[in-house]
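Let me begin by presenting the structure, written as structure tokens, before commenting on it.
All chains are named by letter (A, B, ...) in the order of the sequence lines, taking the proteins before the strands, and each is independently numbered beginning at 1. Only this structure's heavy atoms are used, side chains among them; waters, hydrogens and symmetry mates stay out.
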2 protein chains.
Amino acid sequence: MTDQSPPEKPPETLPRLGEIGLTNYAPYLMNRIMGRYNASLREEMAGLGLTTPKMRALAVLSVIEGPLIRELAVFSVVEQSTLSRALDQLATEGLIRRESDASDSRATRVYITDTGRTHFETLWPRMAEAQERMFRGIPADERRAFVGTLQKMLTNIRKHEI
Amino acid sequence: MTDQSPPEKPPETLPRLGEIGLTNYAPYLMNRIMGRYNASLREEMAGLGLTTPKMRALAVLSVIEGPLIRELAVFSVVEQSTLSRALDQLATEGLIRRESDASDSRATRVYITDTGRTHFETLWPRMAEAQERMFRGIPADERRAFVGTLQKMLTNIRKHEI
DNA sequence: CATATTTAAATGCATTTGCAAATATCCCTG
DNA sequence: CAGGGATATTTGCAAATGCATTTAAATATG
């Protein structure tokens, strides 16, 4: 009972959320900002008959040629089962095309159609605008640094997913 | 037919997503990163009987004292009707308390209970860890700059919401 | 080479979500 | 101070979501 070590200091003192404040906690800020970004697009998307998963799939497919469905799920940040159904709709509407993989008949590759590309290009200016609103008043070099940090963060999380 | 001006440049040329690349488009990166962050917490939350809306409400309430429900909806980035039901559950579980506003009997203020605070403090270390994983290898000054930019962005979107 | 294991995608089902409408109260205007 | 909007919250309902399971095919193992 002669232990002299200070009992009140744990090895690592974790500050509480209240101490940091919501607006210093990066995930809170990011969720808040993305919530607004996504909401601002939802309206536009609804007019085009698109939901968030459908739009995200189209966006990724406008850039990546013929990914597997499970890859598309990761890139577009949509649950695989949700994506599967979103693809059903997109295929029915003629915006994408499913093609069974040549070397693995379990797998399916997904391609955007010309119609799909046109559709996405109608939406893209709104997405660019929404980004522009987010970044309003932020100088170019600060934007670049911000995106650079995001890319590092993506690398960090990628070690856990994929 | 002697017009010498270059005909290929429209007044404002909007780069396509394919030209920027997904990984230079900030909203894509942010959605991707937050998707992972939220997924990593979902598991932990499930064990505590929390959903994302319930967790977010608790987190905000651990910092903000007695907000109106519509304010809480904005702060916690949850649709008001969804929040209303999340609060039903949280109240049943004794984690929050609804109290009708003194000066406006339409309005309801929400307070976290001691039990709710304890509950949230069980989750908080996981949230802090998740943030730490996101920021791994990113130096302190870069983190600060990043959060600073996020705060500016929040100000930008705030002009549109609330 | 038969069998067990893993992997890809789709589907069944219960829960959650979000829009729109309902309800209750407040505030403004004449 | 009565009536017509606004505003705060809840609720009905159809659609979307996500987990767990199924189906089908590939790969590993003995």
B:Thr52 or B:Ser105, whichever maps to the more 5' nucleotide of DNA chain C: B:Thr52

A:Arg42 or A:Leu68, whichever maps to the more 5' nucleotide of DNA chain C: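 This one resolves to A:Leu68.
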
Of the options [options], whose atoms approach the side-chain atoms of [X] most closely?
X: A:Arg106; options: D:dT17, C:dT7, C:dC19; result: C:dT7
X: B:Ser81; options: C:dT25, D:dT11, D:dG18; result: D:dT11
X: B:Asp88; options: D:dT9, C:dC13, D:dT11; result: D:dT11
X: A:Thr51; options: D:dT10, D:dT9, D:dA16; result: D:dA16
X: B:Glu79; options: C:dT16, C:dC19, D:dA8; result: C:dC19

How many whole angstroms separate atom [atom1] of [X] from atom [atom2] of [N]?
X: A:Arg70; N: C:dA8; atom1: CZ; atom2: P; answer: 4 Å
X: B:Arg56; N: C:dT16; atom1: CZ; atom2: C1'; answer: 14 Å
X: B:Arg109; N: C:dT25; atom1: CZ; atom2: P; answer: 18 Å
X: B:Leu83; N: D:dT11; atom1: CG; atom2: P; answer: 13 Å
X: B:Arg98; N: D:dT10; atom1: CZ; atom2: P; answer: 4 Å
X: B:Asp101; N: D:dT7; atom1: CG; atom2: P; answer: 16 Å
X: B:Arg85; N: C:dC19; atom1: CZ; atom2: P; answer: 12 Å
X: A:Leu41; N: C:dG18; atom1: CG; atom2: C1'; answer: 17 Å

Please tell me if the side chains of B:Phe135 and B:Glu142 come closer than 4.5 Å, counting only heavy atoms from C-beta onward. no

Using heavy atoms to find the nearest nucleotide of DNA chain D for B:Ile69 and A:Pro53 separately, return the residue whose nucleotide is more 5′.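 Its nearest nucleotide lies further toward 5', so the answer is B:Ile69.
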
For A:Val78 and B:Gln80, take the nucleotide of DNA chain D holding the closest heavy atom to each; which residue's nucleotide lies nearer the 5' end?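 Residue closer to the 5' terminus by nearest nucleotide: B:Gln80.
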
Going by an N to O cut-off under 4.0 Å, is there a salt bridge joining A:Glu99 and A:Arg109?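 Salt bridge absent between A:Glu99 and A:Arg109.
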
Parallel under 30°, tilted from 30 to 60°, perpendicular over 60°: which one fits the rings of A:Phe146 and B:Phe146?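 The arrangement is parallel - the two ring planes meet at less than 30°.
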
Return yes if some donor-acceptor pair links the side-chain N/O of A:Asn156 with the main-chain N/O of B:Met134 below 3.5 Å, else return no.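 Yes; at least one donor-acceptor contact below 3.5 Å.
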
B:Asp101 backbone acceptor or donor facing B:Ser105 side chain under 3.5 Å: no

